[in-house]
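Right, one structure below, let's go through it.
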Amino acid sequence: MTNMLERLYQPDFACIFGKAYANAFLYGQVDSLVWPIFTDVEMSDQLKNLLKQKDSNDKGCFYRRKISIDDEKVELKCSNIDLALVQAMDLGRKYGIANSDVIAVVKKDPKLFKGILSFNPIKDSSEIDAVSELKKIEKEIDVVGIALYPSYSQLDLTDEGNSALKTLLKYCANKKYFIKIDLGNSFFPDNYPEHVSYEKIKSFMSKNPKNVIVLSGLDISRELKPCVIEEDSDIESILYYQLLKYYSHLWIEIDPRSFGGMTPTDCFKQLFNMKGFLQNSWSRLLIGSATPTLEMAQIARGFLEATEKLPFAQKCILRTWAFRNVNRLNQVVFTPTEDVNLEMFDTVLNVEQDQIIENDNEVNVVYKVKLRSYSVTQLVYLTNLIRKLFNEALKKYPNLINGELFIRSYHTTTSLIINEHEHGNYLDLHYKFAEISREDSSKYLHTVMAEEKRADFNHFDHELASTYGSRQLTIPILNKSLEIGGRENFYILVTFGPRTVQVLVKVKLIKEKGY
């Protein structure tokens, strides 16, 4: 599934998600929903009862393909998936999927599988304490999240008196386990959708800001589209996805229940064309196959087909993160797929105080900085570096309060830029520059054997550097502060990479009268 294009042009994700996630492609792609139902793994009584459930037409309520663990490994490999999250289903009934079923599958291949457990923390329940059970299971397998099924178990997510739920939520927040709320869009009888209403979910979100909440089982035809509101009706539009705009700890999972009568391709197309959905969800989107219900290969194919015709930025960002987002939820469990030194992807390689030039009128503290880009075209974030060097210079001369900070790049295919560091704006700029740098340069005269005895074919890199930003910047210093706007940040656009570049930073401080 990984396409080299988005890897070659990836942004400096460190300035969005932190240093550990600078290079998204160090992390594997994840299938976020696999049911632990395989022919070569012993089933619990709960699971056996689940597979016996019939609808009014005497058809099984839970469809599954009869596949083995090895069959699943082949499917995941074919789909370029490195990890699969195996999920339990505690419905508070005699049928479901026990945590023991998850444990049995994860133990078959702990490097490939991680566990999502399920508990039913009903108020005043005499059942075994969920946290105690969870602690025991943690000694056996890697746990990443907890799944709740309120519409089947009649769990009231907003009940302030439910101490069992509160205790579980607090423990999960401390352990960085996400809470997956299943919206109940399955074929099981006795479903109580009022327990996962828009109002209930919204209230639950607002009362539990420390927990990452994942909504699963979305039905595009219902949850993701406005309902028709009749006059004098109290039925509200059910727009779960709009909650993403208001709650940064809310995530969305797409699985086969979202497809309805659509193909995976059509489902993803509809989602990505929905106004605002992609912008609000790209970094908080999970995708699951619900294996053995459907094949991950079909999900992966549909995803690739749906993203193919998207604008360059949207195509790249989705193909980079949609199957990787879950890695950022738990840094202990989700680690790089290879043993790599994350320091390799630091954009600041070295800072040298080159010299201090002082006379009767001023002091100039000069720094030589070595930077690295790790993609072909990359907008590298410099604000933290600039502030650090500025503050270092002020500490050396605490009595000097005015002057200017000067930055200069030495390379003809780089450019210094000041702009807003809202994440969407940063990504828009980065991908716009990347898209320009990819244009066909064959008609330009620069496409020749250059004096350095190598082919030169980067006309657009030079054009970018000459059109956007500047090779040098000067920022006034007044009363020990950089005179910049509240939203202004510093970047260097580096093209024709990956490469290292040199930047000069000079802090000039003026000696006032009487110094």
Side-chain angles (χ1 to χ4, degrees), residues 32-36 46-47 50 85-93 95-102 114-125 127-135 137-138 143-186 188 190-219 223 240 243 247 249-253 255 257 286 288 290 326 329-330:
S32 64
L33 177 57
V34 168
W35 303 115
Q46 279 180 271
L47 180 49
L50 173 70
L85 308 187
V86 184
Q87 184 168 317
M89 181 194 295
D90 188 338
L91 304 177
R93 305 178 183 188
Y95 61 86
I97 300 175
N99 289 329
S100 60
D101 294 311
V102 170
K114 309 297 177 187
I116 300 176
L117 305 179
S118 185
F119 299 98
N120 188 25
I122 299 296
K123 184 180 179 182
D124 302 324
S125 173
E127 298 295 323
I128 189 168
D129 175 59
V131 172
S132 297
E133 182 69 12
L134 181 49
K135 288 179 179 178
I137 296 173
E138 289 170 348
V143 177
V144 298
I146 303 298
L148 303 177
Y149 299 82
S151 70
Y152 294 114
S153 63
Q154 299 187 66
L155 170 64
D156 186 350
L157 294 169
T158 60
D159 184 356
E160 289 294 310
N162 189 337
S163 59
L165 177 59
K166 283 185 174 180
T167 301
L168 179 61
L169 291 173
K170 183 178 180 181
Y171 185 79
C172 288
N174 290 335
K175 295 287 288 189
K176 305 296 183 186
Y177 296 158
F178 58 78
I179 303 294
K180 188 184 286 191
I181 305 296
D182 191 283
L183 297 177
N185 293 326
S186 298
F188 310 133
D190 299 324
N191 190 355
Y192 304 89
E194 64 270 18
H195 287 285
V196 289
S197 67
Y198 175 85
E199 293 80 9
K200 287 276 188 184
I201 297 297
K202 187 175 181 180
S203 176
F204 182 66
M205 294 301 306
S206 65
K207 292 176 181 177
N208 296 282
K210 295 182 179 179
N211 292 97
V212 171
I213 311 297
V214 179
L215 291 187
S216 179
L218 292 160
D219 180 348
E223 280 85 2
Y240 288 111
L243 293 175
Y247 300 106
H249 58 300
L250 176 63
W251 292 46
I252 296 286
E253 179 177 66
D255 71 73
R257 287 173 293 179
L286 307 182
V326 71
L329 290 179
N330 192 317

Residues which pass side chain to side chain contact (heavy atoms under 4.5 Å, CB included) with Ala173, listed by chain and number, not counting sequence neighbours: Lys210, Asn211
Phe204: partners by ring-ring contact (aromatic ring centres under 6.0 Å, His included), with sequence neighbours left out: none
Euclidean distance, Leu250 CG relative to Ile179 CD1, rounded to 0.5 Å: 13.0 Å
Closest non-hydrogen atom pair, Tyr149 against Met89: CE1-CA, 3.5 Å
Candidate pair His195 and Leu157, rule side chain to side chain contact (heavy atoms under 4.5 Å, CB included), full reasoning: CA-CA 7 Å; His195 287 285; Leu157 294 169; over 6 Å; no
Shortest non-hydrogen separation from Ala130 to Leu168 and the atoms involved: CB-CD1, 4.2 Å
Stepwise side chain to side chain contact (heavy atoms under 4.5 Å, CB included) check, Asp156 with Asn162: CA-CA 8 Å; Asp156 186 350; Asn162 189 337; over 6 Å; no
Spacing of Tyr240 atom OH and Ile201 atom CD1 [to the nearest 0.5 Å]: 5.5 Å
Donor-acceptor pair, side chain of Tyr152 and main chain of Gly92, under 3.5 angstrom: no
Asp159 CG to Leu165 CG distance, which is reported to the nearest 0.5 Å: 8.5 Å
Nearest non-hydrogen partners of Val86 and Trp35, listed with the distance: CG1-C, 4.5 Å
Side-chain donor/acceptor of Asn185 to backbone N/O of Gly217, under 3.5 Å: yes
Sidechain-backbone polar pair: Ser203 side chain, Lys200 backbone, donor-acceptor under 3.5 Å: no
Residues that Lys202 engages under salt bridge (Lys or Arg N to Asp or Glu O under 4.0 Å), provided they are two or more places apart: none
Smallest separation among heavy atoms of Tyr95 and Leu50, with atom names: CB-N, 3.5 Å
Residue list, side-chain hydrogen bond (donor to acceptor under 3.5 Å, both in side chains) with Asn191, at least two apart or on another chain: Ser151
Heavy atoms from other residues, nucleotides or ligands near NZ of Lys135 exceed 12 (cutoff 6.0 Å): no
Separation of Leu33 CG from Asp255 CG (nearest 0.5 Å): 5.5 Å
Derivation and outcome, side chain to side chain contact (heavy atoms under 4.5 Å, CB included), residues Leu134 and Ile146: CA-CA 10 Å; Leu134 181 49; Ile146 303 298; 4.1 Å; yes
Listed partners of Asp90 passing side-chain hydrogen bond (donor to acceptor under 3.5 Å, both in side chains), at least two apart: none
Min side-chain heavy-atom separation Leu329-Trp251 under 4.5 Å: yes
Any donor-acceptor pair under 3.5 Å from Arg257 side chain to Ala290 backbone: no
Check: Ile122 main-chain N/O paired with Asn120 side-chain donor or acceptor under 3.5 Å: no
Closest non-hydrogen atom pair between Gly184 and Asp182, with its separation: N-OD1, 2.7 Å
Interatomic spacing from CG in Asp190 to OG in Ser153 - rounded to 0.5 Å: 12.5 Å
For Leu218 against Leu215, the heavy-atom pair lying closest together: CD1-O, 4.3 Å
All pairs passing side chain to side chain donor-acceptor pair (under 3.5 Å) where residues 166-176 contributes a residue, at least two apart: Glu138-Tyr171
Audit row: Phe178, Ile116, side chain to side chain contact (heavy atoms under 4.5 Å, CB included) steps and yes/no: CA-CA 9 Å; Phe178 58 78; Ile116 300 176; 3.7 Å; yes
Set of residues satisfying side-chain hydrogen bond (donor to acceptor under 3.5 Å, both in side chains) with respect to Lys180, sequence neighbours excluded: Gln87, Glu253
Residue pair Pro121 / Leu148, side-chain heavy-atom distance below 4.5 Å: yes
For Tyr247, side-chain hydrogen bond (donor to acceptor under 3.5 Å, both in side chains) partners two or more places apart: none
Distance (rounded to the nearest 0.5 Å) between Leu183 CG and Ser216 OG: 7.0 Å
For Ala88, all residues meeting side chain to side chain contact (heavy atoms under 4.5 Å, CB included), sequence neighbours excluded: Asn99, Val102, Ser118
